[in-house]
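Computation of the quantities below employed the complete heavy-atom set of this structure, encompassing side-chain atoms and omitting hydrogens, waters and symmetry-equivalent molecules.
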Amino acid sequence: MATSTSPTRNAAATREAILRSAIQNFARAGYDGVGVRQIAHDAGVTAMLVNRYFGSKEGLFAEAVETSFATPTFIGVQSDDLVADTVRALVARTGSGDDAPPPFMIMLRSASSPVATTIVRDAIERHVGARLARQLDSP
């Protein structure tokens, strides 16, 4: 008697693959320039599965932005010399041949979408703005 086995799916790995694909695609083409099907294809899943994990393209975009902006890119968590450290990080991340950081590209390429700009603005305030504010002496 033959038994059929379906491939075992690791929910955390699947979610991570979708999120990585979304960050790459949104950085490349912006919110309006990429669809859920392309993101799903690049992650090796179906669009239905993307929607099951994230609810909608907007939900996926919000999670991709949240993930990309949570990691300090130019403004670190703590600095003895905020200006010098920020300039060093900026120069190190924008050398010739280097790709621009995904958070910057997502922001730049999604600027024409009102939905995306609201999500990006909130993430910048929550992450970049909060890191910066903690390091300033006054409001």
Side-chain angles (χ1 to χ4, degrees):
M1 171 192 256
T3 59
S4 66
T5 58
S6 60
T8 312
R9 191 171 289 282
N10 177 328
T14 299
R15 189 177 197 291
E16 182 62 30
I18 294 168
L19 199 49
R20 268 195 321 271
S21 174
I23 290 168
Q24 290 171 347
N25 276 285
F26 289 134
R28 178 186 53 77
Y31 181 79
D32 290 333
V34 67
V36 171
R37 288 177 196 223
Q38 180 63 50
I39 292 167
H41 177 269
D42 292 353
V45 299
T46 64
M48 187 183 303
L49 195 57
V50 172
N51 287 330
R52 183 171 162 207
Y53 278 91
F54 296 94
S56 65
K57 179 180 174 181
E58 186 177 330
L60 176 58
F61 183 77
E63 188 69 26
V65 167
E66 187 68 22
T67 300
S68 15
F69 278 87
T71 304
T73 303
F74 298 121
I75 298 174
V77 175
Q78 187 58 39
S79 174
D80 293 327
D81 186 344
L82 181 61
V83 174
D85 290 344
T86 302
V87 169
R88 272 192 285 281
L90 181 60
V91 169
R93 291 293 307 263
T94 57
S96 64
D98 291 343
D99 290 333
F104 178 75
M105 296 311 297
I106 290 171
M107 177 181 66
L108 178 68
R109 294 199 168 124
S110 300
S112 64
S113 168
V115 169
T117 54
T118 299
I119 292 169
V120 169
R121 186 181 320 115
D122 290 347
I124 289 171
E125 184 179 323
R126 226 178 3 269
H127 295 291
V128 181
R131 282 193 294 271
L132 182 59
R134 283 191 298 269
Q135 296 183 56
L136 298 175
D137 294 331
S138 59

Quick check: closest heavy atoms across [X] and [Y], and the distance to 0.1 Å?
{"X": "G30", "Y": "S110", "result": "CA-OG, 3.4 Å"}
{"X": "G59", "Y": "S56", "result": "N-OG, 3.0 Å"}
{"X": "A17", "Y": "A43", "result": "O-CB, 3.6 Å"}
{"X": "A64", "Y": "A22", "result": "CB-CB, 4.2 Å"}
{"X": "K57", "Y": "V34", "result": "NZ-O, 2.7 Å"}

Margin query: Using a 3.5 Å distance criterion without hydrogens, assess whether the side chain of R109 forms a donor-acceptor pair with backbone atoms of A29.
Written below: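 Not a single qualifying donor-acceptor pair exists.
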Margin query: Checking the side chain of T117 only, and the main-chain atoms of P114 only, is there a donor and an acceptor separated by less than 3.5 Å?
Written below: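 Yes, T117 side chain to P114 backbone: donor-acceptor pair under 3.5 Å.
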Separation between [atom1] of [X] and [atom2] of [Y], rounded to the nearest 0.5 Å:
{"X": "L49", "Y": "F54", "atom1": "CG", "atom2": "CZ", "result": "9.5 Å"}
{"X": "R121", "Y": "T118", "atom1": "CZ", "atom2": "OG1", "result": "5.0 Å"}
{"X": "E66", "Y": "I23", "atom1": "CD", "atom2": "CD1", "result": "10.5 Å"}
{"X": "I18", "Y": "E63", "atom1": "CD1", "atom2": "CD", "result": "11.0 Å"}
{"X": "I119", "Y": "S113", "atom1": "CD1", "atom2": "OG", "result": "7.5 Å"}
{"X": "S21", "Y": "H41", "atom1": "OG", "atom2": "NE2", "result": "10.0 Å"}

Notebook entry, point to check: Are side-chain heavy atoms of V120 and F69 found at a separation under 4.5 Å?
Noted result: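 Yes - at least one pair of side-chain heavy atoms lies under 4.5 Å apart.
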Checklist line | Sequence neighbours excluded - salt bridge (charged side-chain N to carboxylate O under 4.0 Å, His left out) pairs with any residue from residues 19-43 | finding: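 Those involving residues 19-43 are E16-R20.
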Checklist line | Sequence-distant partners of F26, ring pair (Phe, Tyr, Trp, His ring centres under 6.0 Å), two or more places apart | finding: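 Testing F26 for ring pair (Phe, Tyr, Trp, His ring centres under 6.0 Å), a comparison that skips the adjacent residues, returns F61.
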